[in-house]
There are 2 protein chains.
Amino acid sequence: MDDVVSGIFTRKPGEGARQGPLYISLRRDIERAIAQGILKPGDALPAERELAAMADVSRVTVRRAVQDLVATGLLVQRHGSGTFVAPHIERVEQPLSVLTSFTEDMARRGMAADSLWLDRGIYAPSPDEMVVLGLSAEESVSRVSRVRLANGTPLAIERATLSAQILPEPAKVGDSLYAALAKVGNRPVRAIQRISAALLDDGDAALLGVPPGSPSLNIERISYLSSGRVVEYTRSRYRADAYDFVAELRLREPESTGRTS
Amino acid sequence: MDDVVSGIFTRKPGEGARQGPLYISLRRDIERAIAQGILKPGDALPAERELAAMADVSRVTVRRAVQDLVATGLLVQRHGSGTFVAPHIERVEQPLSVLTSFTEDMARRGMAADSLWLDRGIYAPSPDEMVVLGLSAEESVSRVSRVRLANGTPLAIERATLSAQILPEPAKVGDSLYAALAKVGNRPVRAIQRISAALLDDGDAALLGVPPGSPSLNIERISYLSSGRVVEYTRSRYRADAYDFVAELRLREPESTGRTS
DNA sequence: TCGTTAACGTTGTCTGGACAAGTGGTCTTT
DNA sequence: AAAGACCACTTGTCCAGACAACGTTAACGA
């Protein structure tokens, strides 16, 4: 087995048409080995020094190739332990047309929703929060932030801010923020979400258990009561390798009622 | 001015409490210099060798710090030219509830929509395409792929596949695919989109004019005719630094009509 | 038996150097 | 004045080696 693996990466000193950079060839070799099933999810790659010796390149070059693949999520590195082919993570789909909470969502698909509390407290609002929630500097806000887990795997970081009037006791929020809101009659009925992609910084990456610089889906959500008042301002970061958002679109009606398009 | 910049990064050999890795300190120094406006968008950073001399670290360490910032989009590197603070790009917002084409979308916000054709032709379907479009291996598909530009800036790569029956002459598609479909009475009225985040590979990054490994919003869209037949299967990659998707959500109705939730 | 320690192998950080390849300007030639 | 050659300077790739930080595991001691 090791012979097979070693065969893949072996490159004699003088041989081969070197067209591109070495680290790109090596990267392709590793990708191919995984695609062909020679290396399966969970398998360990040869150690960097071995790989360097096999491919007759320096360890720096090996690291360059490996880090590219770690960035794309194909490999996982564990300090002091080794480099492994990433296990296949099945993506969770989140429908975009209905307003649901994480807890409800996971329950519906039979996964265990857990939370890791990062913060539950009352603060002075940031400028951002003042604008979005329509508060003055004298009023205060409740912040509720946590890591969301499904079946024990961290999926998302959720940082919610609400007016302290609407949620006066953030420490009493249980598993579901929406449940707590419903209890005081402030459950939102409408929300606007802004979806973007970005890279995770070191802190958030650590919270989600992925390497820094991994891609994330970022959601900014502003929720409204039926009265039109803003309830909640939430910024979430979802692991890109574990989350899809699904939306259904419809063709804009051919101006049957509207006047100016 | 150069003195100011040099002052930021100067680090005497023996001095300073080295708590973390050097490249992280250096990265923070650069971030701070930009945040404080000492380096403004468009400004060039000192050359890597100079930076290395200033901070008294090796060039490899400088490159490590700089590459991290290039990955997040804060810096831009041009081979042979230098490293620059990235210009601020204003994000384009895409509403998610209405089915629109890129061309219509840009026109509505007063931007010039352009295309760079990558491919317009008829092919045998890939397995993926056969499944999604419901075709047999004998039928053929039209593929239409292009880079989408707004005001000259590449924003997205769009790769559409349609049954050749629905679009027999892909070469005749003009600026708008939907316009071409409407002309033959096959304009879709409904679509399902799946949104995810990922990193751009070298090829796509080059097409979008961003460094490889930059984050992207990936959209997979399946469009339907009013008859329910699948029209179009499109995979798009949007630059994460230039695109937001906006969606409006509503609370799930309290089971008024439906039976099993 | 069970916890502790120590050795070993792994990835992480960093050095100082080298050459290749691309850019943008000057300077020469036409 | 325009075209081309050239040169200084930049980033890109790559090397061989060193030490640090972390895990795993096996040997050891209680």
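All chains are named by letter (A, B, ...) in the order of the sequence lines, taking the proteins before the strands, and each is independently numbered beginning at 1. Computed from a predicted structure; not experimentally measured.
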*Asks:* Please check the phosphate of D:dC14 (OP1 and OP2 only) for any side-chain N or O of A:Tyr23 closer than 4.0 Å.
*Replies:*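 For A:Tyr23, the contact criterion (side-chain N or O under 4.0 Å from OP1 or OP2 of D:dC14) is not met.
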*Asks:* Starting from P on D:dT13, measure out to CG on A:Leu26 and report it in whole angstrom.
*Replies:*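 Distance check: A:Leu26 CG to D:dT13 P gives 14 Å.
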*Asks:* Under the rule for side-chain hydrogen bond (donor to acceptor under 3.5 Å, both in side chains), what residues qualify as partners of A:Arg148, not counting sequence neighbours?
*Replies:*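 Partners of A:Arg148 under the side-chain hydrogen bond (donor to acceptor under 3.5 Å, both in side chains) test: A:Ser115, A:Glu158.
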*Asks:* Side chains of B:Glu31 and B:Gln36 only: does a donor on one sit below 3.5 Å from an acceptor on the other?
*Replies:*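 Distance-only check fails for B:Glu31 and B:Gln36.
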*Asks:* Is the distance from OP1 or OP2 of C:dT15 to the nearest side-chain N or O of B:Arg59 less than 4.0 Å?
*Replies:*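 No, no such contact exists.
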*Asks:* Using five pairs at either end of the helix from C:dT1-D:dA30 to C:dT30-D:dA1, determine the angle between the two local helix axes and round it to 10 degrees.
*Replies:*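 Inter-axis angle at the ends, rounded: 10°.
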*Asks:* Start at the 5' end of DNA chain D and walk down; is the nucleotide closest to B:Leu45 or to B:Val60 reached first?
*Replies:*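 Comparing both residues, the 5'-ward one is B:Leu45.
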*Asks:* Which is true for A:Arg49 with a 4.0 Å heavy-atom rule: it touches a base, it touches only sugar-phosphate, or it touches nothing?
*Replies:*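 Contact class for A:Arg49: base.
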*Asks:* Quick one: is C:dT15 close enough that its OP1 or OP2 comes under 4.0 Å of any side-chain N or O from B:Ser58?
*Replies:*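 Yes, B:Ser58 has a side-chain N/O under 4.0 Å of OP1/OP2 on C:dT15.
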*Asks:* When all nucleic acid strands are considered with a 4.0 Å heavy-atom cut-off, which category describes B:Arg64: base, sugar-phosphate, or nothing?
*Replies:*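 Sugar-phosphate, no base atom in range.
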*Asks:* Would you check if there is a donor-acceptor pair between the side chains of A:Asn218 and A:Ser216 at a distance under 3.5 Å?
*Replies:*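 Yes.
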*Asks:* Does a side-chain N or O from A:Thr83 land closer than 4.0 Å to OP1 or OP2 of C:dT11, or not?
*Replies:*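 Checking A:Thr83 against C:dT11: at least one side-chain N or O falls below 4.0 Å of OP1 or OP2.
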*Asks:* Does C:dC14 have OP1 or OP2 sitting under 4.0 Å from an N or O in the side chain of B:Thr61?
*Replies:*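 Checking B:Thr61 against C:dC14: no side-chain N or O falls below 4.0 Å of OP1 or OP2.
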